[in-house]
Number of protein chains: 2
Amino acid sequence: MRGVIMYAPGDIRVEDRPDPEIVEPTDAVIRIAATCICGSDLWPYRGVEPVEGPAPMGHEYIGVVEEVGPEVADIAVGDFVVGSFFASDNTCEICRAGYQSRCVHNVPMGSIGTQAERARIPLADGTLVAVPGSPDPALYPSLLAASDVLGTGWFAAVAAEAGPGKTVVVVGDGAVGLHAVLAAKQLGADRVIAMSRHADRQALALEFGADEIVEERGKAGVARIKELTDGLGAHSVVEAVGTQESMTQAIRAARPGGHVGYVGVAHGVELDGMRLFFSTVHLHGGPAPVRRFLPELIDLIVRGDIDPGEVFDLTLPLERAAEGYRAMDERRATKVLLTV
Amino acid sequence: MRGVIMYAPGDIRVEDRPDPEIVEPTDAVIRIAATCICGSDLWPYRGVEPVEGPAPMGHEYIGVVEEVGPEVADIAVGDFVVGSFFASDNTCEICRAGYQSRCVHNVPMGSIGTQAERARIPLADGTLVAVPGSPDPALYPSLLAASDVLGTGWFAAVAAEAGPGKTVVVVGDGAVGLHAVLAAKQLGADRVIAMSRHADRQALALEFGADEIVEERGKAGVARIKELTDGLGAHSVVEAVGTQESMTQAIRAARPGGHVGYVGVAHGVELDGMRLFFSTVHLHGGPAPVRRFLPELIDLIVRGDIDPGEVFDLTLPLERAAEGYRAMDERRATKVLLTV
């Protein structure tokens, strides 16, 4: 089969890879219908994270089950499925508490690489959620978004306790931040403020339910949020970038007793204990347990209540993955879908 | 009146200070019945925090109202009252959300100094809670504990979401940690594990409701907690020290999705963003909003349900405050009560 390989920062190739096979009796093999490039794939692409190339790439996927191991009971050949970036058994105590990304048996799907024609899915019964029937291909972008960026934005909004009566600020206007805006609105937030200075992303934030846009960043951005919240700060803040500046901005934009949900993978971030102490915020985040939210998200998508797939602003065939990486790196695209 | 003054690290004197007066119409003046020395008073005493001496000391207090300003309505002359270390209006949006220590009009009581015969209490209606009737002096130690160490330990346990079904670990065996043990048990935790290597504090932890004691610290301590929790870590962890080692130990002792409540004033603590991200814990803490809990704590004390005053293991008259500071600094006393 064909699949995406990163050899070194900036060096993306599409090559022949061995066809996946059932290894464990709980595995499934799926034929991928669509996959995509993640903001987190840019960390190694830019050399910020080391690449031990040649490395298979990709951890977002939707597709059709082609084969299942003898212990797979709930997922069947022919099912159209969505999974997330960690395979999880969904039965251990950590999974049952809603933290499937930290399942005691978790397998990072990035180590398997789903930017490919097929993929082995470990712990298929726990990992995969079947979409009812055969979904209209028009729904593929939204179902694919649920696999990571929507699920991650949703978790961030939940971690920030977005809901009725709350003013929610979203720091970060990438795909995850934009989906956090959508999630906050769906969760019933009174008022959602998106921090963005890119016109196209501002437009999508407004379409996803943002009530206001704040263009300022850093100290000026925090000051603007305070102005908009009677000097107190927001009840809920989502951090969806993962830099020192964005974390600091998120924590300072929250009021005392407020909640910060952070899902940007924190690169080079150091939090000063004393400042955090006196901020008196709640801080929660990490690799999103997307699996927790998949049934609900698939349901919202199939019913047509949400259209998160709009976040994809460039679609390319798998063979042209390298162009997709370049477009995201150069910020010419927010999120690239790869058709298979 | 007589009051405690810190001139420099290690230099504590009891001197004549001006009698307090009503300054704002919302003030009260109280005659102090008992006060005490706080673990946080040791930071400047040891020169870890700068001292701008001569500085009045003390922020814990119980006493009788002697005078009230013209706008005080709920507190009356003659009331026996308990307050906490931040004066707060208890009416602003932050107070109503339960974060009175971050009240928009808060006044730190440490700037007034309650290790004295009398004290001015700003925002008396919001700050003070009256004890029904005239409490038995045998209850003074427990009521005084509610003013800070019990209220802070209670907040830490609430921030760590201690409750039914939970295994709670307490890092720190000072007065606050010991009271967090008491709080966790009162809040219905299934199992409370106190981390302590001092025999006298272990004994008090057990009396306050600890089910187990772990003597190991640091990595060995975390490994022991994992052993005791099926390899997962605790649901809830209280951090009540405020050092790099104790914060790291607390975060690592919590399971994914678990809750860390931290109330040790974080001195020189830096949290690595990436490690915190992958820990996937909830982190919440800061200066405890003791006022939130005072009515409930006073009720438990007056009914005889809890006896937090046992944490005082040395009682001295105010005039001998310097001896009390020395005893706590040298760890000969956990907590020193000063009679007035």
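All heavy atoms count here, side chains included; hydrogens, waters and symmetry mates do not.
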### Task
Enter the distance from A:Met247:CE to B:Leu271:CG here, rounded to the nearest 0.5 Å.
9.5 Å
#### Entry: Non-hydrogen side-chain atoms of A:Val265 and B:Met274 separated by less than 4.5 Å
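They are in contact (side-chain heavy atoms under 4.5 Å apart), so the answer is yes.
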### Validation row: B:Leu276, A:Val269 side chains within 4.5 angstrom (heavy atoms)
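Sidechains of A:Val269 and B:Leu276: no contact.
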### Task
Specify whether B:Tyr99 and A:His282 have parallel, tilted or perpendicular ring planes, treating 30° as the upper limit for parallel and 60° as the lower limit for perpendicular.
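Correct class here is perpendicular.
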Contact summary for [X] and [Y], nearest pair of heavy atoms:
X	Y	value
A:Ser279	B:Arg102	O-NH1, 3.2 Å
A:Phe277	B:Val263	CE1-O, 3.6 Å
A:Thr280	B:His284	O-CE1, 3.4 Å

### Query
Non-hydrogen atoms of chain B under 4.5 Å away: do they reach the side chain of A:Val281, the backbone, both or neither?
backbone
### Query
When you look at CZ of B:Arg46, are more than 12 heavy atoms from neighbouring residues, nucleotides or ligands closer to it than 6.0 Å?
yes
### Message
Surrounding NE2 of B:His105 (heavy atoms of other residues, nucleotides or ligands, distance under 6.0 Å), is the total greater than 12?
### Response
no
### Task
Sequence neighbours left out, what pairs pass side chain to side chain donor-acceptor pair (under 3.5 Å) with at least one residue falling in residues 247-256 of chain B?
A:Glu93-B:Arg255, B:His235-B:Arg255
### Query
Picking from B:Gly242, B:Pro287, B:Ala159, B:Gly98, which has the most non-hydrogen pairs under 4.5 angstrom with chain A?
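Of the options given, most contacts go to B:Pro287.
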### Query
Heavy-atom distance under 4.5 Å to chain A: side chain of B:Val260, backbone, both or neither?
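Nothing of B:Val260, per the 4.5 Å heavy-atom cut-off to chain A.
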### Summary
In terms of heavy-atom pairs under 4.5 Å with chain B, the winner among A:Gly258, A:Gly268, A:Gly264, A:Ser101 is A:Gly264
